[in-house]
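Atom set for the values below is all heavy atoms of this structure, side chains included, hydrogens, waters and symmetry mates excluded. This chain uses plain numbering: 1 for the first residue, then up along the sequence.
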Amino acid sequence: MTPRRRRDRAADCAVRPPTSPSLGARRAQGIKIGREVRADYKLVAKAYMRIGNAYKRQGLLDEAIKAFEDSLMEDRTEEVQKLLKQARA
């Protein structure tokens, strides 16, 4: 698999919301692959934000908070800070 295809696959894994624990693991694997191909930090942060949003929609707030915090460690954005604040409330 070429680096570009891996990056595209990693981004694709991050777009679909997790509906089971195995899918959450697939997204984590996508982020790992993104780091291996040295994807931009902003893309990794966006993937974590999407994972957090998916967990938040499912009512899994602890997992959502962790994903939002991971996103902020990659790239601090106001949008994620607001989402994290909402999840903690």
Side-chain angles (χ1 to χ4, degrees):
M1 194 179 290
T2 65
R4 181 179 178 155
R5 187 165 177 201
R6 280 187 186 172
R7 187 175 342 123
D8 293 343
R9 187 172 180 186
D12 182 48
C13 286
V15 171
R16 287 181 253 131
T19 56
S20 71
S22 65
L23 289 178
R26 284 181 53 201
R27 270 129 197 101
Q29 182 182 9
I31 290 171
K32 181 182 173 188
I33 291 171
R35 286 189 173 145
E36 286 175 3
V37 296
R38 295 191 172 110
D40 186 27
Y41 290 114
K42 291 181 182 184
L43 293 176
V44 175
K46 187 180 275 190
Y48 276 122
M49 181 186 72
R50 289 175 176 162
I51 292 169
N53 282 331
Y55 282 135
K56 184 177 168 188
R57 283 193 298 269
Q58 291 179 351
L60 302 170
L61 294 180
D62 290 336
E63 288 86 353
I65 289 170
K66 182 176 180 340
F68 291 141
E69 288 172 346
D70 290 342
S71 176
L72 289 173
M73 285 211 283
E74 296 293 332
D75 183 40
R76 286 193 100 52
T77 62
E78 286 185 37
E79 181 180 6
V80 177
Q81 289 175 342
K82 287 179 186 177
L83 291 169
L84 178 60
K85 188 175 181 179
Q86 290 172 358
R88 286 183 173 163

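- Side-chain heavy atoms closer than 4.5 Å link hydrophobic residues (I, L, V, M, F, W, Y) into clusters, and following such links, possibly through other members, connects Leu72 to Ile65.
- Of all heavy-atom pairs spanning Gly52 and Phe68, the tightest one is C-CZ, 3.5 Å.
- Taking CZ of Arg35 as the reference point, atom OH of Tyr41 lies at 8.5 Å (rounded to 0.5 Å).
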Evaluate the criterion side chain to side chain contact (heavy atoms under 4.5 Å, CB included) for residue pair Ile31 and Ile51; output intermediate values, then yes/no. CA-CA 11 Å; Ile31 290 171; Ile51 292 169; 3.7 Å; yes
N/O donor-acceptor pairs under 3.5 Å from side chains in residues 75-89, not counting sequence neighbours:
from	atom 1	to	atom 2	distance (Å)
Thr77	OG1	Val80	N	3.4
Gln86	OE1	Lys56	NZ	2.9
Arg88	NH2	Glu69	OE2	2.4

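- Between Asp62 and Lys66 there is no salt bridge, since none of the side-chain N atoms of the basic residue sits less than 4.0 Å from a carboxylate O of the acidic one.
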